[in-house]
Amino acid sequence: MIIAIDGPAGSGKSTVAKLVAKQLNYRYIDTGAMYRSVAWIAQNKGFDLSDEITMAKIAESLDIQFVPGDTNGQSVLVEGKDITAHLKNESVGRGAATVAAQKAVREILVAKQQQIGEAGKMVMDGRDIGTVVFPQADKKFFFVADAEERGRRRYEELKIKHPGLNLQTIIEEIRQRDHEDCNRKISPLVKAKDALEVDTTQLNIEEVTKHVLKNINNPTK
Ligand code: DC
């Protein structure tokens with residue numbers, strides 16, 4: 001059983017995917033963390049992120065593990081080192097959008113995701129899980145939400161650690177990220193035809209989680 005949750009940044013997919021996985025006793029795989037890890041490694045080594053051959057080499061040798069831990073319930077280890085906190089940085093997010101637009105990087109990471117998924121009992125979130133990684137996924141969800149609301153959520157999440165943040169700037173960044181994700185040539189963000197669209201703008205985390213679980217258990221709803 002594979003449950004695919006796709007959608008734009010800030011639509012609530014990773015928070016809900018984690019809770020759904022916990023409820024079902026499934027594993028949660030954050031595919032965005034894989035693109036972010038490639039960007040993080042490249043940035044740390046001072047590489048040019050537009051160098052597609054080097055980025056593909058990093059993706060190919062990426063040693064990533066998702067393990068229980070962290071305040072959010074899951075930690076990301078790269079070469080055995082917990083880099084969860086680093087992956088949330090805005091510059092890593094921007095870098096991830098750059099490498100996620102590269103054909104070779106996508107092919108390598110998609111293959112890794114498919115391999116991870118072979119074990120079954122997974123909730124996987126990203127942009128292309130229901131369309132490219134697991135088009136045969138048992139359940140597919142596509143989350144959407146207004147950019148203003150997504151920006152507000154990101155702002156609330158970041159403001160304690162980064163008091164100087166400006167809400168309007170964050171909303172603009174979300175719009176920019178949407179533009180990049182939806183307009184890239186390879187695997188742009190699109191809803192799979194058989195995915196259930198969930199507009200999370202007016203819903204809280206518990207409501208979305210409930211809705212997803214209800215649909216998994218009773219697909220007619
Ligand atoms: O979900 P996120 O913000 O952690 O994703 C980081 C970047 O990676 C974002 O630009 C979208 C991209 N991504 C992707 O193209 N395909 C995925 N399956 C997951 C993320």
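Ligands are counted one by one from 1 in listed order, and the atoms in each one are counted from 1 as well.
- Panel note: side chain Asp146, backbone Glu148; no donor-acceptor pair is recorded below 3.5 Å.
- Not a single donor-acceptor pair under 3.5 Å links the side chain of Asp125 to the backbone N or O of Asp6.
- By the 4.5 Å side-chain criterion applied to Ile, Leu, Val, Met, Phe, Trp and Tyr, Ile160 is assigned to no cluster and stands alone.
- For Asn217 (side chain) and Leu213 (main-chain N/O), a donor-acceptor pair under 3.5 Å exists by modelled atom type.
- Ligand 1 lies under 4.0 Å from heavy atoms of Lys13, Thr31, Gly32, Tyr35, Arg36, Ala96, Ala97, Ala100, Arg106, Gly126, Arg127, Asp128, Arg177, Asp181, Arg184.
- Annotation: side-chain hydrogen bond (donor to acceptor under 3.5 Å, both in side chains) contacts involving residues 101-113, sequence neighbours excluded, comprise Tyr35-Arg106, Lys103-Glu107, Arg106-Asp128.
- Evaluation of the salt bridge (Lys or Arg N to Asp or Glu O under 4.0 Å) test over residues 194-213, restricted to residues two or more places apart or in two chains, returns Lys140-Asp194.
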